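Everything numeric in this text was worked out from a predicted model, so none of it was measured. First the proteins, then the strands, lettered A, B, ... as listed; each starts at 1.
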Amino acid sequence: MSSIKQNLIECLKQGLKSLDINVAIGIGLERPARKEHGDWSSNIALAAAKPAGVPPRVLAQKLVESMEPICPSVVKEIQIAGPGFINFYLHDSWLYEVMLEAISLGENNFGRSEIGKSISVNVEFVSANPTGPLHAGGGRWAAFGDSLCNLLQFCGYKVHREYYLNDRGKQMQLFAQSLAAKKAGKEVDSNGYQGEYITEWAAEMPDDADPALWGYDRVLKDLRETLAKMGVYFDTWYSENSLIESGAIDQTLEKLSSRGVVYELDGATWLRTTAFDDDKDRVIIRSDGQPTYVLPDIAYHRDKFQRGFDLLIDIWGSDHHGYVTRLKAGVAALGYDPNCLEVILGQLVTLVKNGQPVRLSKRTGDMVALSDVLDAVGPDAARLTFLLQSIDTRLVFDLDVVSSNTMENPVYYIQYAYARVASIAKVAKERGIVQLSPQEVDFSLLVHEREKDLLRALSELPETILLACNERAPYKITNWVRDFAGRFHGFYHDCYVMGEGISPQLTQARLYLVEAVRIGLNIGLKILGVSAPEEM
RNA sequence: GCCCCCGUAGCUCAGACGGACAGAGCAGCUGCCUUCUAAGCAGACGGUCGCAGGUUCAAAUCCUGCCGGGGGCACCA
């Protein structure tokens, strides 16, 4: 199917060659926004007109003439339009081929890509401090990270999901102190953790428990449960503390020293990050002997490389933007290729409740727990809401809208399409309709615009998956699924699969079409991590 | 002062390695349930693509400068 695209590009190349035109420019071939402009369209005549010294439409005309004899047989017609676009119109049969491909490959293989084959990637996401429950905003990283992992897997990458626990340092101490204080019936220190959960957990904590150890376990349990509620599971929960215990931090420091990028100044130890694109050098060991967060971070990423990953992806909130350069510098200072560390920055979530923005701070205690949001709106609505838009835009998560006003939540629109698909299959079965084998079915009966629209959209799924993966943009899958579901609703409304006035042959063809739709929706929903309900 | 993201319809957003009349959802208006679930479908309405220059046959898209919103520039994490 994408082989059609390759074919057409090849045709254009041949055409150019036969006209003795040498173009350095890549050949553009895309899906026109309007279907009147054909199934595929190229602007090559426009782009090559100037270097070739020929007016675009004239060049297009010559190209078409030279291409016509060599074009694949699915091409029905080639037209020149507008300023010089070359538009390819394909026979409907190609749509039926796409449909059969989807059916024969099924939901586990249709749209798969091999671009990530033999590349192992470590994706680190969420990684919120283990000092309390995840807040609602953290759901964005969970949903985004997990879906990105799904996408990478579908494109052949070997994916490892990882959560980094900053289980060392002042915040952990404060957390333990806050728990202990509550337990003892004392007021929590003003810079300690004030949240409601501290009170609850202190009550749960046995009298003889060590607040630091017990608290850590309690937090981990909470994090795991909340993420599981959202369908997010990690392969590794990596402890920062373990880096100290294993000596990895010391080793990293030695390694850096041996590479000559470390120096002492004012009683502190510095890393010469300016040698690797940073604005200024960074302290890695403070004058009081404590490492700053950078050093463990560098040691951690070194460890990831040592574990054999080819690519490291970190997903951070944009508030950590300032650390990207220095971490990359640290990685480069160790001799690793900084391009193998990819940091994706996402804009933070603004949570709105009762029309008012809510601050999300564990310390002050005004936080809204992700777990509660999941209970209120359900994991599907929550995930889809997080995956509705680009990670580059600020997401406003309005609790009232997501939980109450279902019309503003597209999750139902999409899931309803799936439920309708399932319903058709169910009713067909109840009516005793036996599905023939594809060879016995006449797919050329599928001529309704609704049917062809559906198949055109289906044909775009593989390239959409690839694009979404390469751009690290799961929301493009959301957009595709939403659009596809919409087309199905239109089909459902205008094209009955069975019943009065529908010939048995047409029913057979449409049953296959519906099956293909099921596969397409399923693939999209699985990548998004949203369930596909049989009925609603 | 420097760096990153955003500014497109009333609202939330697509479209951004330049292309053919700028798209969707929601809200509001108007139609459609005697055949597979109306959580649906259809129609109308709605836009100086933040502003100003520039490059180009062609700019929402690229360049420059402004304006507005958010976030960063520690011997805090």
Could you pull out all residues at least two apart from A:Ser41 that satisfy side-chain hydrogen bond (donor to acceptor under 3.5 Å, both in side chains)? A:Asn87
Just to verify, what does A:His489 make a side chain to side chain contact (heavy atoms under 4.5 Å, CB included) with, not counting sequence neighbours? A:Tyr413, A:Tyr416, A:Ala417, A:Arg420
At under 4.0 Å, does any side-chain N or O of A:Tyr416 touch on OP1 or OP2 of B:A39? yes
Applied to residues 506-516 of chain A, the salt bridge (Lys or Arg N to Asp or Glu O under 4.0 Å) test, sequence neighbours excluded, yields A:Glu451-A:Arg510, A:Glu515-A:Arg518
Apply side-chain hydrogen bond (donor to acceptor under 3.5 Å, both in side chains) to A:Asp39 and list each qualifying residue two or more places apart in sequence or on a separate chain. none
Give RNA chain B the dot-bracket treatment, 5' to 3': Watson-Crick (N1-N3 with N6-O4 or O6-N4) or G-U (N1-O2, O6-N3) under 3.5 Å, [ ] crossing, | other strand. ((((((((.[[[[.)...(...]]]]..((((.......))))......[[[[[..)....]]]]])))))))....
So what does A:Glu534 hit on the nucleic acid, given a heavy-atom distance under 4.0 Å: a base, only sugar-phosphate, or nothing? base
Verdict with supporting geometry, A:Arg31 and A:Glu463, salt bridge (Lys or Arg N to Asp or Glu O under 4.0 Å): CA-CA 11 Å; A:Arg31 307 266 191 171; A:Glu463 63 206 54; 2.9 Å; yes
Sequence neighbours excluded, the answer for side-chain hydrogen bond (donor to acceptor under 3.5 Å, both in side chains) partners of A:Ser113 is none
Residues from residues 289-297 of chain A lying under 4.0 Å of RNA chain B - heavy atoms: A:Thr292, A:Tyr293
Polar pair under 3.5 Å, donor/acceptor by atom type, side chain A:Asp494, base B:A42: no
Report, as a single string ordered 5' to 3', how protein heavy atoms within less than 4.0 Å touch nucleotides 2-13 of chain B: B base, S sugar-phosphate only, - not at all. -BSSS-----SS
I'd like to know if A:Asp319 reaches the base of B:G72 with its side chain, counting only an N/O donor and acceptor under 3.5 Å. no
Between B:A16 and B:G7, how far apart are the two P atoms, rounded to whole Å? 13 Å
Contacts of A:Arg394 that satisfy salt bridge (Lys or Arg N to Asp or Glu O under 4.0 Å) - sequence neighbours left out: none
B:G15 phosphate, OP1 or OP2, under 4.0 Å from A:Tyr475 side-chain N/O: yes
Identify, with sequence neighbours excluded, every residue that meets ring pair (Phe, Tyr, Trp, His ring centres under 6.0 Å) alongside A:Tyr238. A:Tyr300
Between B:U35, B:A38, B:A20, which one does the side chain of A:Ser41 approach most closely? B:A20
Checking A:Asp380 now: which residues fulfil side-chain hydrogen bond (donor to acceptor under 3.5 Å, both in side chains) with it, not counting sequence neighbours? A:Gln415, A:Ser531
For A:Arg282, salt bridge (Lys or Arg N to Asp or Glu O under 4.0 Å) partners two or more places apart: A:Asp278
Give a yes/no answer on whether the side chain of A:Lys50 brings an N or O atom under 4.0 Å of OP1 or OP2 in B:C57. yes
